[in-house]
Amino acid sequence: MENSDIIIGGDTAGIEWRVPVYRFKGSDKAAPSVYIQAALHANELPGTALLHFLLERLCKADAEGAIRGDITVIPQANPIGLAQFHFGEMEGRFDLGSRTNFNRDYPLIALAEREALLENFSRRSAADRLKRTLLHTALGHDLMLDLHCDDESLQYAYIDDAFWPEAADLAAALDMRAVFLSDGESTAFEEAVGFAFKHQGGEKLTSVPGRLAVTVELRGRRDVYPDMAKRDADGLWDFLAGRGVVIDPAHAAKAYSGPAIPLDNIEMVRAPEPGTVLFHRDIGDNVKAGDLLATLITRPGAPDGTIDVTAAHDGLIATRTSARYARRGDDLMKIACHEATRKDREPGTLED
Ligand SMILES: [Zn+2]
C-alpha cells in the first residue's frame with residue numbers, strides 16, 4: 001500500500017490543502033481496478049467511517065497477497081469544505097467562495113480526453129483544481145464509487161441505466177432499500193465519470209459492462225456509528241470480492257430484492273407554504289395516495305393556522321428532511337413510487 005497526499009494550493013497565500021490517498025497494487029492486470037471516495041460533500045461522513053474500516057481490511061488483505069485489482073481510496077475527499085465552519089456549523093456542500101456545489105460542474109468529457117482535465121491548471125481555483133484532480137484520478141479506474149449520504153434516509157444509490165442491472169451486486173452487498181436509476185445528464189461527479197465511460201470513442205454506449213459509476217447514499221447524515229460503518233465496510237468488501245478485485249474464498253453472492261426506480265417515479269414532497277414541520281410518517285414507511293405525511297404550522301396559535309401535506313401516489317418514503325422549519329418549496333421527503341409522478345422533470349439530479 002502506498003499512502004500519499006494530493007496537494008492543492010489555496011487561492012490565497014499561505015494556504016495548501018492536502019487530500020490523503022491510499023493506493024493498493026493488484027496482482028492481476030486483468031482484474032478490475034476500483035476508485036472509492038467519500039465526503040466530497042464534506043459534511044457527509046458515513047462513507048469516511050466506512051472507508052476507515054475498509055482500509056483496515058484492505059491493508060490486511062494486502063499483507064496476505066489477496067488484492068487482485070488496483071484500488072485507490074480517498075476517505076476524505078474535500079478538505080476545503082471540511083474547513084468551512086461558520087457560526088458553529090460546517091458548510092460542506094457548497095464552496096463558500098464561489099457558491100458552487102462541490103458535487104456539480106464536473107466537465108463532461110470522453111474518456112480519451114482525460115488529460116485535458118489538467119490543462120491550464122494553475123489558473124483555476126482551488127475548488128476547481130480539487131474537482132479536476134479527483135475526476136482525473138477516478139477516470140484511471142474501471143469502477144468508481146462516490147460515497148455520500150442524504151439527510152434522514154434509507155440506504156440507496158443513484159446508478160445510471162448503463163450500469164444496471166450489472167450493479168445489482170453492489171445494491172445487494174450494501175443492503176440497499178432502493179436504487180434510483182439516474183439519467184446521467186447533470187454534472188455530478190458520478191455522472192461525469194459515467195459520461196466518460198459511455199463515451200469511449202465513437203458512438204455513445206448505452207451499456208458499459210465491467211464499468212461502474214455510482215453515487216451511494218449511505219443513509220442519513222447522523223448515521224455514523226461503529227457497527228453500521230463496519231457492516232457497510234464488510235458489504236463493500238463483499239462487492240469487491242464478487243467483482244474479483246480482492247480474493248475472499250468465503251465470498252457468497254447475494255441477490256438484490258429491492259426496487260430499481262426511474263427518477264421520474266420519485267415524488268419530491270415540497271412544503272406548499274412556510275411553517276414548522278410536524279411529521280406523521282417516517283423513512284421506511286410505505287404510504288398510499290392521500291395518506292397524511294406532515295402538518296405544517298403556518299400561523300402558530302391561529303385556529304386555522306395549519307395545513308396538511310399528503311402523499312400524491314403510493315410508494316416508499318426513502319428520505320426526509322431533518323429540518324423542522326420549512327421555507328416555501330423546501331423538500332420535505334422523497335417517495336419512491338410505483339408509477340411516474342411527473343412528466344416535466346429535466347434529466348439529471350433531483351436536488352441542487
Ligand atoms: Zn452528497
Side-chain angles (χ1 to χ4, degrees), residues 19 35-52 54 73-85 89-96 98-106 127-128 130-135 137-138 144-160 167 170-171 174 176-195 212-225 228-229 232 236 263 266 268 283 318-323 330-334 336 348-352:
V19 185
Y35 172 93
I36 314 173
Q37 70 177 17
L40 180 61
H41 285 144
N43 55 342
E44 300 177 4
L45 295 162
T48 299
L50 181 164
L51 291 180
H52 173 73
L54 182 67
V73 180
I74 302 186
Q76 198 128 48
N78 183 1
I80 302 174
L82 201 59
Q84 293 184 151
F85 269 84
E89 292 209 29
M90 194 207 299
E91 172 49 65
R93 187 175 181 85
F94 291 89
D95 171 39
L96 288 177
S98 61
R99 299 188 180 195
T100 53
N101 189 320
F102 285 112
N103 193 25
R104 298 290 185 276
D105 299 322
Y106 287 85
D128 197 17
L130 174 66
K131 289 178 180 182
R132 285 166 174 268
T133 304
L134 295 173
L135 182 58
T137 308
M144 189 293 291
L145 286 78
D146 191 11
L147 307 182
H148 288 249
C149 67
D150 209 297
D151 198 348
E152 295 178 358
S153 175
L154 302 177
Q155 187 101 301
Y156 74 99
Y158 292 95
I159 303 180
D160 190 290
L170 178 68
L174 285 176
M176 288 184 195
R177 296 286 303 279
V179 167
F180 294 0
L181 296 175
S182 52
D183 344 58
E185 297 283 343
S186 86
T187 56
F189 188 85
E190 162 235 332
E191 299 201 322
V193 174
F195 186 96
L212 176 65
V214 57
T215 302
V216 179
E217 302 284 356
L218 292 162
R219 307 183 193 84
R221 252 194 290 284
R222 294 185 61 207
D223 293 322
V224 185
Y225 297 99
M228 210 177 247
D232 285 342
L236 212 46
L263 290 192
I266 308 300
M268 300 291 285
I283 55 171
T319 78
R320 194 172 84 164
T321 180
S322 62
D330 275 355
D331 298 334
L332 298 175
M333 289 176 165
K334 292 188 203 80
T349 49
L350 295 169
E351 292 160 301
D352 294 331

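Whatever order the structure lists ligands and atoms in, that order sets their numbers, starting from 1. This is a predicted model, so every value here is computed, not measured.
- The minimum heavy-atom distance between D331 and T321, with the atom names listed, is O-CB, 3.7 Å.
- Salt bridge R221/D151: present, at least one basic N to carboxylate O contact under 4.0 Å.
- No other N/O/S atom of H41 lies as close to the Zn ion (ligand 1) as ND1 does.
- Here the CZ-CD distance, from R219 to Q155, works out to 4.0 Å after rounding to the nearest 0.5 Å.
- Partners of F102 under the side chain to side chain contact (heavy atoms under 4.5 Å, CB included) rule, at least two apart in sequence or in another chain, are H41, N78, I80, Q84, D95, A127.
- E44 has its closest N, O or S atom to the Zn ion (ligand 1) at the position named OE1.
- With respect to the Zn ion (ligand 1), H148 has ND1 as its nearest N, O or S atom.
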